[in-house]
2 protein chains.
Amino acid sequence: MSADSGKQPPSGPRAALKRQAIVRAAREAFLREGFGVGMDAIAAGAGVSKVTVYNHFGSKEALFTAVITEALDEPLGSASATALEGLAEAEDLRTALVDAARTWVNAVRTNQDVIALRNLVAAELHRFPELGRAWQGHGPEGHHPAVAAALRGLADQGRLVIPDLETAIIQLYALLVFPHMVFGAYGTTVDDGLTERLITGGVDMFLSHYGPRER
Amino acid sequence: MSADSGKQPPSGPRAALKRQAIVRAAREAFLREGFGVGMDAIAAGAGVSKVTVYNHFGSKEALFTAVITEALDEPLGSASATALEGLAEAEDLRTALVDAARTWVNAVRTNQDVIALRNLVAAELHRFPELGRAWQGHGPEGHHPAVAAALRGLADQGRLVIPDLETAIIQLYALLVFPHMVFGAYGTTVDDGLTERLITGGVDMFLSHYGPRER
DNA sequence: CAACTGAACTGAACAGTTGAGTTCAGTTGA
DNA sequence: TCAACTGAACTCAACTGTTCAGTTCAGTTG
């Protein structure tokens, strides 16, 4: 019944280009109009025949899945991850944390696309239960491990006192990135001034609780 | 062309019951299957003829709007608002804050429906731009004023030192309710133990930053 | 209490549209 | 030469919204 009965997707360099164009156009289309956007519109946006789309992906759901999983392993974390790693060597912990937080939050803010995609997934959860599960642990908060490692390192150095690491990680996320995710959900964006106050204020608050009592 | 040309919706006690049943069923259906659910399914769920649905609401979009606006002024905040008001008279600020936070967070957690509805609105923003605007300022974080008043009161008493009220409010939200909203977005729920640790840990963190330096 | 009235409701069929996925004959390009 | 691609026409299912003949029911009148 489905198109994938014994058919393997096209291969070769030409096919790869087409595939890329399709995913790109599909992502834009989904972001612009939601999951309800027509396959014809996507094909047209990719400058490709609808048949080609189906030869590559077999179904709309598979295409959507491809878009999401592709967005899933976007670099998003690379800049902020390196910023977090440098934390151990920093002399002035507060300044270093504020800097790391800035690049981190900025990565989230400039990738509103990813947040919007998450909303799509959330809204279509009933259609894509696996995607919902796959999205957990990824997305903008996808590098828990990096944050965990950074915090653990600082704790081992004795520069932070963290009795409950899991809670602390969530709190750091909550103070720094969750506001942008929550407000971004309806298209509201947090303005630059407030963003900066949330960063410095969040770091200060985090340090005044977990930091050494040097204050 | 539309059905509302010169037609007013039915009135009277019987009609009111039907209308209520329709909105209720529509809400469940939308939550269960998303906006794509068929009107026949909604009518069946309400135990009502499809014609009755159209006599009452005229269109699917109008019905969806009715569901959302009805959810908009749900009491959600009443319990937590009163809990927040009692804060000024409390002797033990930490205990009182933790208690207030518990009822507040619980209100949010048990109203996951409302959060899920918000996701629907976000996903269908292009179809309902007005709804998106109406939803801002409401929803689970809809009682900013109550929180603002409570914090201001404590600051005036000298029991908290809050240089930037707006930031402080968002931080309180971030520490206590945002995690449940973010994780709840894909159906993941925060388990009871973590919830409790987030509450106490969040309050402690908040107080260690804004509270008097008695620590 | 019986007959009546009229608005609201039912059930089923129907019209019109949209969109997913397919078919196919023909074209492009390494 | 062969796999990939195109374009257009097509099927098929689902969905929104409508129509209509008949039914329910609260309230009114005699």
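These numbers come from a predicted model, not from an experiment. Numbers restart at 1 for each chain; the letters A, B, ... are given by sequence-line order, proteins then strands.
Taking 4.5 Å as the limit, every side-chain heavy atom of A:Leu194 sits out of range of all side-chain heavy atoms of A:Phe183. Within the 4.5 Å cutoff, no side-chain heavy atoms of A:Phe64 are placed close to those of A:Arg127. Side-chain contact between B:Phe178 and A:Met181 is absent, with no heavy-atom pair separated by less than 4.5 Å.
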Item checked: Strand DNA chain D in bracket notation, Watson-Crick/G-U under 3.5 Å with | for pairs to another chain -> ||||||||||||||||||||||||||||||
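Atom CZ of A:Phe57 and atom C1' of D:dC5 are 15 Å apart (whole Å). Taking atom CG of A:Leu63 as the reference point, atom P of C:dG19 lies 16 Å away to the nearest angstrom. Spacing between atom NZ of B:Lys60 and atom P of D:dG17 amounts to 8 Å, rounded to whole angstrom units. Atom-to-atom, CG of B:Asn55 to C1' of D:dG17 comes out at 12 Å; the value is rounded to the nearest Å. Counting to the nearest Å, the P atom of D:dT23 and the NZ atom of B:Lys18 are 17 Å from each other. A straight line from CG of A:Leu17 to P of C:dA30 spans 11 Å, rounded to a whole angstrom.
Between the CZ atom of B:Phe30 and the CZ atom of B:Arg32 there is a distance of 11.0 Å, given to the nearest 0.5 Å. For the atom pair A:His209 NE2 and B:His209 NE2, the distance stands at 12.5 Å (nearest 0.5 Å).
Put simply, A:Thr52 has no side-chain N or O that comes within less than 4.0 Å of OP1 or OP2 on D:dA4. Put simply, A:His56 has no side-chain N or O that comes within less than 4.0 Å of OP1 or OP2 on D:dA4. For the pair B:Ser11 and C:dA7, the criterion of a side-chain N or O lying under 4.0 Å from OP1 or OP2 is not met.
In summary, B:Glu196 and B:Arg102 engage in a salt bridge, as defined by a charged side-chain N under 4.0 Å from a carboxylate O. Ion pair B:Arg197/A:Glu166 flagged as a salt bridge, since at least one NZ, NE, NH1 or NH2 atom sits closer than 4.0 Å to an Asp/Glu carboxylate oxygen.
The two residues A:Gly193 and A:Asp191 have their closest heavy-atom pair at N-OD1, 3.0 Å.
Judged by distance alone, with hydrogens and angles left aside, B:Lys50 brings a side-chain donor or acceptor within reach of the base of D:dG17, the pair sitting under 3.5 Å.
Near-neighbour residues of DNA chain D inside residues 29-48 of chain A, defined by a heavy atom below 4.0 Å, number-ordered: A:Gly47, A:Val48.
Heavy-atom neighbours of A:Gln20 CD from other residues, nucleotides or ligands within 6.0 Å: at or below the threshold of 12.
Where B:Ser59 and B:Arg14 meet DNA chain D, the nucleotide closest to each residue was compared, and B:Ser59 sits on the side nearer the 5' end.
With C:dA7, D:dC5, C:dT22 as the candidates, the nucleotide lying closest to the side chain of A:Tyr54 is C:dT22.
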